[in-house]
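Here, residue 1 is the first one in the sequence, and each next residue gets the next number. Predicted, not measured: the structure shown is a model, and the values here were computed from it.
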Amino acid sequence: AALPAWRNTAPPARGALLLKAAALLEARVDKVARDLTLEEGKTIGEARGETLRAVSIFRYFAGQTSEPLGETYPSANTATFIYTARVPVGVVGLITPWNFPIAIPVWKAAPALAFGNTVVMKPAALTPLTAQHIAECLHEAGIPAGVFNLVHGSGRAVGNPLVEDTRVAAISFTGSNSVGNGIIATVNKRGGRVQCEMGGKNPMVVLEDADLDQAVELTIAGAFRSTGQKCTATSRAIVLRPVLEAFTDKLLERARTLKVGAGVEPDVWMGPQVSADQQRTVLEYIEVGKREGAELLLGGGVPSGEQYLRGHYVEPTVFSNVRPDMRIAQEEIFGPVLAIIPAEDRATALQLANDVPFGLSASVCTRNIRAAMEFVNGIEAGIVHVNGETAGAEPQVPFGGMKASGTYMREQGKAARDFYTQIKTVYLDLPAS
Ligand code: UN1
(Lines give C-alpha, C1' and ligand atoms only; values in the text may rest on other atoms or scores of the structure.)
Protein backbone atom coordinates (compact mmCIF):
# COMPACT_ATOMS: atom_id res chain seq x y z
CA ALA A 1 0.00 0.00 0.00
CA ALA A 2 2.89 2.37 0.68
CA LEU A 3 4.44 1.76 -2.75
CA PRO A 4 2.58 4.28 -4.98
CA ALA A 5 3.40 7.30 -2.79
CA TRP A 6 7.03 6.24 -2.28
CA ARG A 7 7.54 5.52 -5.97
CA ASN A 8 6.22 9.02 -6.75
CA THR A 9 8.39 10.77 -4.15
CA ALA A 10 11.11 12.81 -5.84
CA PRO A 11 14.32 10.75 -5.77
CA PRO A 12 16.39 13.48 -4.04
CA ALA A 13 13.74 13.61 -1.29
CA ARG A 14 14.21 9.87 -0.81
CA GLY A 15 17.96 10.50 -0.70
CA ALA A 16 17.52 13.14 1.98
CA LEU A 17 15.79 10.59 4.22
CA LEU A 18 18.63 8.12 3.71
CA LEU A 19 21.15 10.83 4.64
CA LYS A 20 19.23 11.47 7.85
CA ALA A 21 19.20 7.75 8.64
CA ALA A 22 22.97 7.70 8.05
CA ALA A 23 23.52 10.55 10.50
CA LEU A 24 21.32 8.87 13.12
CA LEU A 25 23.19 5.59 12.74
CA GLU A 26 26.56 7.34 12.91
CA ALA A 27 25.56 9.12 16.11
CA ARG A 28 24.76 5.79 17.81
CA VAL A 29 27.67 3.79 16.43
CA ASP A 30 28.96 2.78 19.88
CA LYS A 31 25.62 1.41 21.01
CA VAL A 32 24.97 -0.41 17.72
CA ALA A 33 28.48 -1.87 17.64
CA ARG A 34 28.13 -3.18 21.18
CA ASP A 35 24.79 -4.82 20.42
CA LEU A 36 26.25 -6.28 17.23
CA THR A 37 29.20 -7.77 19.11
CA LEU A 38 27.00 -9.20 21.85
CA GLU A 39 24.71 -10.72 19.27
CA GLU A 40 27.10 -11.95 16.56
CA GLY A 41 30.40 -12.23 18.41
CA LYS A 42 32.83 -10.29 16.20
CA THR A 43 35.21 -7.90 17.95
CA ILE A 44 34.06 -4.44 18.90
CA GLY A 45 36.53 -2.90 16.41
CA GLU A 46 35.07 -4.97 13.59
CA ALA A 47 31.53 -4.17 14.72
CA ARG A 48 32.28 -0.42 14.75
CA GLY A 49 33.91 -0.68 11.33
CA GLU A 50 30.91 -2.53 9.97
CA THR A 51 28.44 -0.01 11.40
CA LEU A 52 30.39 2.87 9.87
CA ARG A 53 30.42 0.97 6.59
CA ALA A 54 26.62 0.87 6.76
CA VAL A 55 26.68 4.65 7.29
CA SER A 56 28.81 5.11 4.13
CA ILE A 57 26.51 2.82 2.16
CA PHE A 58 23.47 4.91 3.13
CA ARG A 59 25.39 8.03 2.04
CA TYR A 60 26.52 6.55 -1.26
CA PHE A 61 22.99 5.51 -2.25
CA ALA A 62 21.58 8.82 -1.04
CA GLY A 63 23.95 10.39 -3.59
CA GLN A 64 22.69 8.01 -6.28
CA THR A 65 19.27 9.67 -6.06
CA SER A 66 20.60 12.69 -7.94
CA GLU A 67 22.46 10.70 -10.61
CA PRO A 68 21.03 10.26 -14.14
CA LEU A 69 18.29 7.63 -14.35
CA GLY A 70 18.25 7.05 -18.07
CA GLU A 71 19.56 7.89 -21.51
CA THR A 72 18.38 9.70 -24.61
CA TYR A 73 18.56 8.07 -28.04
CA PRO A 74 18.51 9.34 -31.59
CA SER A 75 15.38 8.26 -33.46
CA ALA A 76 14.85 7.30 -37.10
CA ASN A 77 12.18 9.96 -37.05
CA THR A 78 13.56 13.46 -36.44
CA ALA A 79 10.40 14.55 -34.62
CA THR A 80 10.57 11.69 -32.12
CA PHE A 81 12.37 12.01 -28.82
CA ILE A 82 13.38 8.69 -27.29
CA TYR A 83 14.57 8.26 -23.73
CA THR A 84 14.74 5.57 -21.10
CA ALA A 85 13.72 5.91 -17.48
CA ARG A 86 14.65 3.62 -14.63
CA VAL A 87 11.56 2.88 -12.54
CA PRO A 88 11.27 0.86 -9.34
CA VAL A 89 10.52 -2.87 -9.54
CA GLY A 90 7.97 -2.73 -6.69
CA VAL A 91 7.98 -4.48 -3.34
CA VAL A 92 11.32 -6.14 -2.71
CA GLY A 93 12.06 -8.88 -0.19
CA LEU A 94 15.48 -8.85 1.46
CA ILE A 95 16.81 -11.89 3.30
CA THR A 96 20.02 -11.06 5.10
CA PRO A 97 22.73 -13.04 6.93
CA TRP A 98 24.05 -12.92 10.47
CA ASN A 99 27.73 -12.46 9.55
CA PHE A 100 27.39 -8.81 8.49
CA PRO A 101 24.18 -8.04 10.37
CA ILE A 102 24.24 -4.30 9.69
CA ALA A 103 26.28 -3.75 6.51
CA ILE A 104 24.50 -6.31 4.30
CA PRO A 105 20.95 -5.32 5.26
CA VAL A 106 21.87 -1.71 4.49
CA TRP A 107 23.65 -2.58 1.24
CA LYS A 108 20.42 -4.14 0.05
CA ALA A 109 17.90 -1.78 1.66
CA ALA A 110 19.63 1.52 0.80
CA PRO A 111 19.57 1.03 -3.00
CA ALA A 112 16.12 -0.57 -2.89
CA LEU A 113 14.73 2.49 -1.09
CA ALA A 114 16.78 5.06 -3.03
CA PHE A 115 15.33 3.81 -6.32
CA GLY A 116 11.74 3.94 -5.07
CA ASN A 117 10.97 0.38 -4.01
CA THR A 118 9.35 -0.59 -0.75
CA VAL A 119 11.07 -3.21 1.37
CA VAL A 120 10.14 -6.21 3.46
CA MET A 121 13.30 -7.38 5.19
CA LYS A 122 13.84 -10.65 7.04
CA PRO A 123 17.09 -10.44 8.98
CA ALA A 124 18.91 -13.55 10.17
CA ALA A 125 17.20 -15.04 13.20
CA LEU A 126 20.55 -14.97 15.08
CA THR A 127 20.94 -11.18 14.77
CA PRO A 128 17.54 -9.50 15.14
CA LEU A 129 18.61 -6.66 17.42
CA THR A 130 21.19 -5.24 15.02
CA ALA A 131 18.58 -5.16 12.26
CA GLN A 132 16.19 -3.41 14.61
CA HIS A 133 18.63 -0.48 14.80
CA ILE A 134 18.33 0.00 11.03
CA ALA A 135 14.55 0.12 11.26
CA GLU A 136 14.76 2.60 14.11
CA CYS A 137 17.12 4.93 12.24
CA LEU A 138 14.92 4.88 9.14
CA HIS A 139 11.81 5.44 11.24
CA GLU A 140 13.36 8.36 13.14
CA ALA A 141 14.61 9.82 9.87
CA GLY A 142 10.94 10.06 8.85
CA ILE A 143 10.51 7.29 6.31
CA PRO A 144 6.76 6.94 5.64
CA ALA A 145 4.92 4.05 7.31
CA GLY A 146 4.98 0.85 5.29
CA VAL A 147 8.00 1.75 3.13
CA PHE A 148 10.53 -0.24 5.17
CA ASN A 149 9.18 -3.28 6.97
CA LEU A 150 11.23 -5.49 9.24
CA VAL A 151 9.82 -8.95 9.91
CA HIS A 152 11.63 -11.19 12.38
CA GLY A 153 11.46 -14.95 12.34
CA SER A 154 12.78 -18.16 10.89
CA GLY A 155 13.28 -18.95 7.23
CA ARG A 156 10.31 -21.25 7.36
CA ALA A 157 7.94 -18.78 9.02
CA VAL A 158 9.00 -15.58 7.26
CA GLY A 159 11.52 -16.31 4.50
CA ASN A 160 9.42 -18.86 2.61
CA PRO A 161 6.21 -16.80 2.46
CA LEU A 162 8.25 -13.81 1.27
CA VAL A 163 9.97 -15.81 -1.44
CA GLU A 164 6.73 -17.42 -2.62
CA ASP A 165 4.54 -14.31 -2.66
CA THR A 166 3.88 -13.07 -6.20
CA ARG A 167 3.35 -9.52 -4.86
CA VAL A 168 7.07 -9.44 -4.00
CA ALA A 169 8.66 -8.41 -7.29
CA ALA A 170 12.26 -9.12 -6.37
CA ILE A 171 14.21 -11.06 -3.76
CA SER A 172 17.79 -10.36 -2.74
CA PHE A 173 19.43 -12.95 -0.52
CA THR A 174 22.87 -13.41 1.02
CA GLY A 175 23.64 -16.73 2.70
CA SER A 176 24.33 -20.37 2.07
CA ASN A 177 24.17 -22.14 -1.28
CA SER A 178 21.64 -24.66 -0.06
CA VAL A 179 19.13 -21.97 0.94
CA GLY A 180 20.01 -19.71 -2.01
CA ASN A 181 19.49 -22.40 -4.64
CA GLY A 182 16.03 -23.12 -3.25
CA ILE A 183 15.19 -19.41 -3.38
CA ILE A 184 16.41 -19.11 -6.98
CA ALA A 185 14.22 -22.05 -8.05
CA THR A 186 11.11 -20.71 -6.32
CA VAL A 187 11.43 -17.13 -7.52
CA ASN A 188 12.31 -18.12 -11.08
CA LYS A 189 9.30 -20.41 -11.20
CA ARG A 190 6.94 -17.59 -10.32
CA GLY A 191 8.64 -15.15 -12.69
CA GLY A 192 10.17 -12.89 -10.05
CA ARG A 193 13.58 -11.25 -10.05
CA VAL A 194 16.21 -12.82 -7.84
CA GLN A 195 19.74 -12.06 -6.73
CA CYS A 196 21.73 -14.38 -4.47
CA GLU A 197 25.17 -13.95 -2.93
CA MET A 198 26.34 -17.30 -1.65
CA GLY A 199 29.49 -19.18 -0.75
CA GLY A 200 33.17 -18.69 -1.42
CA LYS A 201 36.41 -20.68 -1.24
CA ASN A 202 38.66 -17.74 -1.84
CA PRO A 203 42.36 -18.22 -2.59
CA MET A 204 45.33 -16.08 -1.65
CA VAL A 205 48.01 -16.95 -4.19
CA VAL A 206 51.55 -16.22 -3.01
CA LEU A 207 54.09 -16.09 -5.81
CA GLU A 208 57.83 -16.56 -5.34
CA ASP A 209 58.60 -12.84 -5.53
CA ALA A 210 55.89 -11.72 -3.09
CA ASP A 211 56.62 -9.48 -0.11
CA LEU A 212 56.15 -12.30 2.39
CA ASP A 213 55.43 -10.09 5.41
CA GLN A 214 52.68 -8.42 3.44
CA ALA A 215 51.35 -11.74 2.13
CA VAL A 216 51.22 -13.09 5.69
CA GLU A 217 49.37 -10.04 7.06
CA LEU A 218 46.82 -10.22 4.24
CA THR A 219 46.32 -13.96 4.70
CA ILE A 220 45.91 -13.63 8.47
CA ALA A 221 43.34 -10.87 8.08
CA GLY A 222 41.50 -12.68 5.29
CA ALA A 223 41.42 -16.03 7.07
CA PHE A 224 40.78 -15.05 10.69
CA ARG A 225 39.02 -11.66 10.80
CA SER A 226 35.35 -12.15 11.72
CA THR A 227 36.49 -15.63 12.82
CA GLY A 228 36.54 -16.65 9.15
CA GLN A 229 32.79 -16.06 8.86
CA LYS A 230 32.81 -14.02 5.64
CA CYS A 231 31.87 -15.27 2.21
CA THR A 232 34.99 -13.37 1.10
CA ALA A 233 37.29 -14.97 3.72
CA THR A 234 40.63 -16.42 2.61
CA SER A 235 40.24 -20.16 3.08
CA ARG A 236 43.08 -21.32 0.82
CA ALA A 237 46.66 -20.06 0.63
CA ILE A 238 48.18 -21.37 -2.60
CA VAL A 239 51.91 -20.91 -2.19
CA LEU A 240 54.73 -21.44 -4.66
CA ARG A 241 57.28 -24.04 -3.49
CA PRO A 242 60.32 -21.76 -3.26
CA VAL A 243 58.61 -19.60 -0.60
CA LEU A 244 56.39 -22.25 1.01
CA GLU A 245 58.55 -22.82 4.06
CA ALA A 246 59.33 -19.17 4.73
CA PHE A 247 55.68 -18.17 4.24
CA THR A 248 54.42 -20.96 6.51
CA ASP A 249 56.88 -20.12 9.29
CA LYS A 250 55.99 -16.44 9.26
CA LEU A 251 52.28 -17.20 9.10
CA LEU A 252 52.41 -19.53 12.12
CA GLU A 253 54.49 -17.08 14.09
CA ARG A 254 51.93 -14.33 13.44
CA ALA A 255 48.86 -16.57 13.97
CA ARG A 256 50.18 -17.60 17.41
CA THR A 257 49.96 -13.97 18.55
CA LEU A 258 46.23 -13.61 17.81
CA LYS A 259 44.29 -13.16 21.02
CA VAL A 260 41.02 -15.08 21.01
CA GLY A 261 38.25 -14.04 23.38
CA ALA A 262 35.03 -12.18 23.93
CA GLY A 263 34.53 -9.55 21.24
CA VAL A 264 33.63 -6.83 23.74
CA GLU A 265 37.12 -6.90 25.29
CA PRO A 266 39.17 -4.24 23.54
CA ASP A 267 42.42 -6.23 23.20
CA VAL A 268 40.78 -9.32 21.68
CA TRP A 269 41.68 -9.95 18.03
CA MET A 270 39.29 -12.79 17.20
CA GLY A 271 35.88 -13.53 18.70
CA PRO A 272 33.87 -16.78 18.87
CA GLN A 273 31.77 -18.42 16.17
CA VAL A 274 28.25 -17.06 16.02
CA SER A 275 26.51 -20.16 17.41
CA ALA A 276 26.96 -23.68 18.78
CA ASP A 277 25.88 -25.05 15.39
CA GLN A 278 28.52 -23.06 13.57
CA GLN A 279 31.17 -24.15 16.07
CA ARG A 280 30.16 -27.78 15.62
CA THR A 281 30.33 -27.53 11.82
CA VAL A 282 33.80 -25.98 11.92
CA LEU A 283 35.13 -28.54 14.40
CA GLU A 284 33.73 -31.30 12.17
CA TYR A 285 35.55 -29.88 9.16
CA ILE A 286 38.76 -29.87 11.17
CA GLU A 287 38.26 -33.59 11.86
CA VAL A 288 37.57 -34.17 8.16
CA GLY A 289 40.83 -32.41 7.29
CA LYS A 290 42.79 -34.61 9.71
CA ARG A 291 41.15 -37.78 8.41
CA GLU A 292 41.89 -36.82 4.82
CA GLY A 293 45.55 -36.59 5.73
CA ALA A 294 46.14 -32.85 5.76
CA GLU A 295 48.88 -31.78 8.17
CA LEU A 296 47.53 -29.81 11.12
CA LEU A 297 50.11 -27.11 11.93
CA LEU A 298 48.16 -24.88 14.30
CA GLY A 299 44.98 -24.91 16.37
CA GLY A 300 42.42 -27.53 15.51
CA GLY A 301 40.09 -27.31 18.48
CA VAL A 302 38.50 -25.20 21.18
CA PRO A 303 41.13 -23.04 22.96
CA SER A 304 41.84 -24.30 26.46
CA GLY A 305 40.95 -22.16 29.45
CA GLU A 306 37.99 -21.40 31.67
CA GLN A 307 36.92 -18.36 29.66
CA TYR A 308 36.41 -20.44 26.51
CA LEU A 309 33.74 -22.66 28.02
CA ARG A 310 31.15 -19.89 27.65
CA GLY A 311 30.94 -18.99 23.97
CA HIS A 312 31.52 -20.95 20.78
CA TYR A 313 35.26 -20.62 20.36
CA VAL A 314 37.52 -22.26 17.80
CA GLU A 315 41.28 -21.72 17.61
CA PRO A 316 42.85 -20.13 14.54
CA THR A 317 43.60 -23.29 12.58
CA VAL A 318 46.14 -23.91 9.82
CA PHE A 319 46.46 -27.04 7.72
CA SER A 320 49.36 -27.64 5.36
CA ASN A 321 50.01 -30.09 2.55
CA VAL A 322 46.36 -29.86 1.63
CA ARG A 323 45.55 -31.64 -1.61
CA PRO A 324 43.16 -29.84 -3.94
CA ASP A 325 40.63 -32.68 -3.92
CA MET A 326 40.23 -32.72 -0.12
CA ARG A 327 36.93 -31.48 1.25
CA ILE A 328 38.69 -28.75 3.26
CA ALA A 329 40.09 -27.46 -0.06
CA GLN A 330 36.72 -27.56 -1.86
CA GLU A 331 33.91 -26.74 0.58
CA GLU A 332 33.12 -23.51 2.35
CA ILE A 333 33.88 -23.94 6.07
CA PHE A 334 32.93 -20.46 7.38
CA GLY A 335 35.35 -20.60 10.27
CA PRO A 336 38.98 -19.76 11.13
CA VAL A 337 40.47 -22.58 9.11
CA LEU A 338 43.16 -22.00 6.50
CA ALA A 339 44.33 -24.64 4.03
CA ILE A 340 47.86 -24.17 2.66
CA ILE A 341 48.19 -25.77 -0.77
CA PRO A 342 51.65 -25.97 -2.35
CA ALA A 343 52.00 -25.17 -6.07
CA GLU A 344 54.89 -25.97 -8.39
CA ASP A 345 54.59 -22.95 -10.69
CA ARG A 346 52.42 -19.96 -11.59
CA ALA A 347 50.26 -21.83 -14.08
CA THR A 348 49.51 -24.58 -11.57
CA ALA A 349 48.73 -22.01 -8.89
CA LEU A 350 46.14 -20.40 -11.16
CA GLN A 351 44.66 -23.75 -12.05
CA LEU A 352 44.40 -24.70 -8.36
CA ALA A 353 42.83 -21.33 -7.58
CA ASN A 354 40.11 -22.01 -10.17
CA ASP A 355 39.60 -25.65 -9.27
CA VAL A 356 36.63 -25.14 -6.90
CA PRO A 357 32.90 -24.69 -7.48
CA PHE A 358 33.01 -21.11 -6.17
CA GLY A 359 34.28 -17.87 -7.70
CA LEU A 360 33.70 -14.96 -5.34
CA SER A 361 37.02 -13.28 -4.57
CA ALA A 362 40.70 -14.04 -5.06
CA SER A 363 44.06 -12.41 -4.45
CA VAL A 364 47.59 -12.69 -5.72
CA CYS A 365 50.70 -11.40 -3.97
CA THR A 366 53.54 -10.52 -6.32
CA ARG A 367 55.79 -7.68 -7.41
CA ASN A 368 55.68 -8.89 -11.00
CA ILE A 369 53.17 -6.93 -13.08
CA ARG A 370 53.07 -9.56 -15.80
CA ALA A 371 52.33 -12.35 -13.31
CA ALA A 372 49.70 -10.17 -11.65
CA MET A 373 47.94 -9.51 -14.97
CA GLU A 374 48.07 -13.18 -15.95
CA PHE A 375 46.33 -13.99 -12.68
CA VAL A 376 43.76 -11.21 -13.08
CA ASN A 377 42.96 -12.41 -16.61
CA GLY A 378 42.83 -16.10 -15.75
CA ILE A 379 41.05 -16.19 -12.43
CA GLU A 380 37.37 -17.13 -12.34
CA ALA A 381 36.25 -14.72 -9.62
CA GLY A 382 33.91 -11.76 -9.42
CA ILE A 383 36.39 -9.77 -7.31
CA VAL A 384 40.17 -9.89 -7.72
CA HIS A 385 42.80 -8.25 -5.57
CA VAL A 386 46.48 -7.78 -6.34
CA ASN A 387 48.50 -7.51 -3.13
CA GLY A 388 45.27 -7.11 -1.16
CA GLU A 389 43.05 -9.09 1.18
CA THR A 390 40.37 -11.33 -0.38
CA ALA A 391 37.74 -9.81 1.94
CA GLY A 392 36.45 -6.26 1.94
CA ALA A 393 34.18 -4.27 -0.33
CA GLU A 394 33.71 -0.60 -1.12
CA PRO A 395 30.14 0.59 -1.63
CA GLN A 396 30.69 2.35 -4.97
CA VAL A 397 31.87 -0.72 -6.91
CA PRO A 398 30.07 -3.89 -8.03
CA PHE A 399 30.21 -6.83 -5.62
CA GLY A 400 29.45 -10.45 -6.44
CA GLY A 401 30.80 -13.75 -7.60
CA MET A 402 31.05 -16.11 -10.52
CA LYS A 403 30.16 -19.83 -10.70
CA ALA A 404 28.38 -21.16 -7.60
CA SER A 405 29.06 -17.97 -5.61
CA GLY A 406 25.99 -16.21 -6.87
CA THR A 407 23.58 -15.13 -9.53
CA TYR A 408 25.04 -12.96 -12.25
CA MET A 409 23.43 -9.80 -10.88
CA ARG A 410 25.96 -7.76 -8.90
CA GLU A 411 25.23 -5.75 -5.77
CA GLN A 412 26.41 -2.28 -4.73
CA GLY A 413 27.74 0.55 -6.86
CA LYS A 414 25.95 1.32 -10.12
CA ALA A 415 25.16 -2.40 -10.46
CA ALA A 416 22.62 -2.11 -7.64
CA ARG A 417 20.55 0.19 -9.85
CA ASP A 418 20.17 -2.57 -12.43
CA PHE A 419 18.67 -4.92 -9.89
CA TYR A 420 16.41 -2.47 -8.08
CA THR A 421 15.00 -0.76 -11.18
CA GLN A 422 13.49 -1.71 -14.51
CA ILE A 423 13.76 0.18 -17.78
CA LYS A 424 10.88 2.06 -19.35
CA THR A 425 11.60 3.16 -22.93
CA VAL A 426 9.66 6.25 -23.93
CA TYR A 427 8.95 7.40 -27.52
CA LEU A 428 7.76 10.98 -27.36
CA ASP A 429 6.07 12.44 -30.41
CA LEU A 430 4.43 15.80 -30.85
CA PRO A 431 0.67 16.04 -31.21
CA ALA A 432 -0.34 16.50 -34.87
CA SER A 433 -2.00 19.79 -34.07
C1 UN1 B 1 33.43 -8.08 3.06
O2 UN1 B 1 34.24 -8.87 2.63
O3 UN1 B 1 33.78 -7.13 3.77
O4 UN1 B 1 28.41 -12.27 3.42
C5 UN1 B 1 32.00 -8.16 2.72
C6 UN1 B 1 29.53 -11.90 3.09
C7 UN1 B 1 29.65 -11.00 1.88
C8 UN1 B 1 30.12 -9.65 2.24
C9 UN1 B 1 31.58 -9.55 2.43
N10 UN1 B 1 28.37 -10.93 1.21
O11 UN1 B 1 30.50 -12.24 3.73
Enquirer: Less than 4.5 Å apart, any side-chain heavy atom of Val205 and any of Ile379?
Expert: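 The answer is no, as the side chains (C-beta and beyond) never meet within the 4.5 Å cut-off.
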Enquirer: Could you check whether Thr390 and Thr234, counting side-chain N and O atoms only, form a donor-acceptor pair closer than 3.5 Å?
Expert: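 Result is yes, a qualifying pair exists.
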Enquirer: Answer yes or no: does atom NE2 of His139 have more than 12 heavy-atom neighbours from other residues, nucleotides or ligands under 6.0 Å?
Expert: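 Not buried by this count: 12 neighbours or fewer within 6.0 Å.
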Enquirer: So which heavy atom on His385 is nearest to which on Gly392, and how close?
Expert: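 Nearest heavy atoms, His385 then Gly392: NE2-O, 4.5 Å.
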Enquirer: Heavy-atom distance under 4.5 Å between the side chains of Val29 and Val55, does that happen here?
Expert: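 Val29 vs Val55: side chains apart.
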Enquirer: Taking the side chain from Ser363 and the backbone from Gly388, do they hold a donor-acceptor pair closer than 3.5 Å?
Expert: yes
Enquirer: Output the distance between atom CE (Met373) and atom OG1 (Thr366), rounded to the nearest 0.5 Å.
Expert: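 The distance works out to 12.5 Å.
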Enquirer: Taking all non-hydrogen atoms of both residues, which atom of Pro144 and which atom of Trp6 are closest, and how far apart?
Expert: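 Minimum heavy-atom separation between Pro144 and Trp6: CD-CZ3, 3.7 Å.
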Enquirer: Let's go through Val314 and Val260 carefully: what are the C-alpha distance in whole Å and the side-chain angles of both, what is the deciding distance for side-chain contact (heavy atoms from CB on, under 4.5 Å) to 0.1 Å, and is it a yes or a no?
Expert: CA-CA 9 Å; Val314 176; Val260 178; over 6 Å; no
Enquirer: Would you say the ring centers of Phe334 and Trp98 fall short of 6.0 Å from each other?
Expert: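 Yes, the ring centres sit under 6.0 Å apart.
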Enquirer: Taking all atoms of both residues into account, what is the closest heavy-atom pair of Pro272 and Gly261, and its distance?
Expert: CD-O, 3.8 Å
Enquirer: Checking Arg53 against Phe100: charged group under 6.0 Å from the ring centre and within 45 degrees of the axis?
Expert: yes
Enquirer: Minimum heavy-atom separation for Gly359 to Ser405, with atom names?
Expert: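 The pair with the smallest heavy-atom distance is N-OG, 2.9 Å.
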Enquirer: Give a yes or no answer on whether the side chain of Asp209 reaches the backbone of Asn368 with a donor-acceptor pair at less than 3.5 Å.
Expert: yes
Enquirer: Does CD1 belonging to Ile369 count more than 12 external heavy atoms closer than 6.0 Å?
Expert: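 No.
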Enquirer: Could you tell me if the ring centre of Trp107 sits under 6.0 Å from that of Phe399?
Expert: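 Yes; Phe399 has its ring centre under 6.0 Å from that of Trp107.
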Enquirer: Spell out, as yes or no, whether a donor-acceptor pair under 3.5 Å connects the side chain of Arg14 to the backbone of Ala114.
Expert: yes
Enquirer: Once you round to the nearest 0.5 Å, how far does CD1 of Ile333 lie from NZ of Lys201?
Expert: 4.0 Å
Enquirer: Check this for me: does any side-chain nitrogen of one of Arg254 and Glu217 sit under 4.0 Å from a carboxylate oxygen of the other?
Expert: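 Yes.
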Enquirer: With a 4.5 Å heavy-atom cut-off, do Ile340 and Leu244 have their side chains touching?
Expert: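 Answer yes - side chains close enough.
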Enquirer: Quick one: does Ile102's side chain get under 4.5 Å of Leu25's, heavy atoms only?
Expert: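 Yes, side chains in contact.
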Enquirer: Give a yes or no on whether a salt bridge exists between Lys31 and Asp35, defined as a side-chain N under 4.0 angstrom from a carboxylate O.
Expert: yes
Enquirer: Return the minimal non-hydrogen interatomic distance between Lys403 and Pro357, and the atom names on each side.
Expert: CB-O, 3.1 Å
Enquirer: Would you check, one step at a time, whether the test side-chain contact (heavy atoms from CB on, under 4.5 Å) holds for Gln278 with Leu126?
Expert: CA-CA 11 Å; Gln278 198 62 32; Leu126 285 169; over 6 Å; no
Enquirer: Are Arg280 and His312 side-chain neighbours, meaning at least one heavy-atom pair lies under 4.5 Å?
Expert: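 The answer is no; the side chains never approach within 4.5 Å.
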Enquirer: Would you find a donor on one side and an acceptor on the other, under 3.5 Å apart, between the side chain of Asn117 and the backbone of Ala112?
Expert: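 Side chain of Asn117 to backbone of Ala112, a donor-acceptor pair under 3.5 Å: yes, one is there.
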Enquirer: Hey, could you give me the CG/CZ distance between Leu19 and Phe58, rounded to the nearest 0.5 Å?
Expert: 10.5 Å
Enquirer: Measure the spacing between CD1 of Ile134 and CG of Leu150 and express it to the nearest 0.5 Å.
Expert: 7.5 Å
Enquirer: Assess the residue pair Leu24 and Arg28 against the criterion (side-chain contact (heavy atoms from CB on, under 4.5 Å)); give the C-alpha distance rounded to whole Å, side-chain angles, the decisive distance to 0.1 Å, and a yes or no.
Expert: CA-CA 7 Å; Leu24 289 162; Arg28 60 192 73 164; 3.8 Å; yes
Enquirer: Is a donor on one side and an acceptor on the other found under 3.5 Å between the side chain of Arg48 and the backbone of Ala33?
Expert: no
Enquirer: Is Arg236 reaching over with its side chain to a backbone N or O of Ala353, donor-acceptor style, under 3.5 angstrom?
Expert: yes
Enquirer: Does the Thr407 side chain pair with the main chain of Cys196, one donor and one acceptor, at a distance under 3.5 Å?
Expert: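 Yes, the answer is positive, given that a donor and an acceptor are paired below the 3.5 Å cut-off.
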Enquirer: Decide salt bridge (charged side-chain N to carboxylate O under 4.0 Å, His left out) for Glu50 and Lys42; before the verdict, give the C-alpha distance in whole Å, the side-chain angles of both, and the deciding distance to 0.1 Å.
Expert: CA-CA 10 Å; Glu50 191 194 326; Lys42 66 178 68 175; 2.6 Å; yes
Enquirer: I would like to know whether Val337 and Tyr285 meet side-chain contact (heavy atoms from CB on, under 4.5 Å); could you show each step before the answer?
Expert: CA-CA 9 Å; Val337 181; Tyr285 266 113; 5.8 Å; no
Enquirer: Side-chain contact, heavy-atom cut-off 4.5 Å: Thr257 with Trp269?
Expert: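 Not in contact.
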Enquirer: Could you check if a side-chain atom of Pro395 sits within less than 4.5 angstrom of a side-chain atom of Arg59, using non-hydrogen atoms only?
Expert: no
Enquirer: Measure the shortest side-chain to side-chain distance between Leu251 and Ile220 over non-hydrogen atoms and say whether it is less than 4.5 angstrom.
Expert: yes
Enquirer: State the OG1-CG distance between Thr219 and Leu338, to the nearest 0.5 angstrom.
Expert: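 Between atom OG1 of Thr219 and atom CG of Leu338 there are 7.0 Å.
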Enquirer: Quick one: does Gln330's side chain have a donor or acceptor within less than 3.5 Å of a partner on Pro324's backbone?
Expert: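 The answer is yes, because a donor-acceptor pair under 3.5 Å joins these two groups.
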Enquirer: Does Gln396 CD have over 12 foreign heavy atoms under 6.0 Å away?
Expert: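 Yes, the 6.0 Å shell around CD holds more than 12 heavy atoms from other groups.
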Enquirer: Answer with yes or no whether the side chains of Glu46 and Thr43 bring together a donor and an acceptor at under 3.5 Å.
Expert: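 Thr43 vs Glu46: donor-acceptor pair found between side chains.
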Enquirer: Taking side chain to side chain donor-acceptor pair (under 3.5 Å) as the test, write out the residues that go with Ser172, two or more places apart.
Expert: Lys108, Gln195
Enquirer: Examine distances only and state if a side-chain atom of Gln279 and a backbone atom of Tyr313 form a donor-acceptor pair shorter than 3.5 Å.
Expert: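 Yes.
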Enquirer: How long is the gap from CD on Gln229 to CD on Glu332, to the nearest 0.5 Å?
Expert: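 Here the interatomic distance stands at 10.5 Å.
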Enquirer: Just by modelled atom types, is the Tyr408 backbone N or O under 3.5 Å from a matching donor or acceptor in the Arg410 side chain?
Expert: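 The answer is yes, because a donor-acceptor pair under 3.5 Å joins these two groups.
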Enquirer: Looking at every non-hydrogen atom in both residues, tell me the closest pair between Val322 and Pro342 and how far apart they are.
Expert: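 Val322 and Pro342 have their closest heavy atoms at O-CD, 4.1 Å.
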Enquirer: Are more than 12 heavy atoms from other residues, nucleotides or ligands located less than 6.0 Å from atom NZ of Lys259?
Expert: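 Result for NZ/Lys259: enclosed.
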Enquirer: What I want to check is whether the side chains of Thr80 and Asp429 have a donor and an acceptor closer together than 3.5 Å.
Expert: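 Checked: Thr80/Asp429 side chains pair up, N/O donor to acceptor below 3.5 Å.
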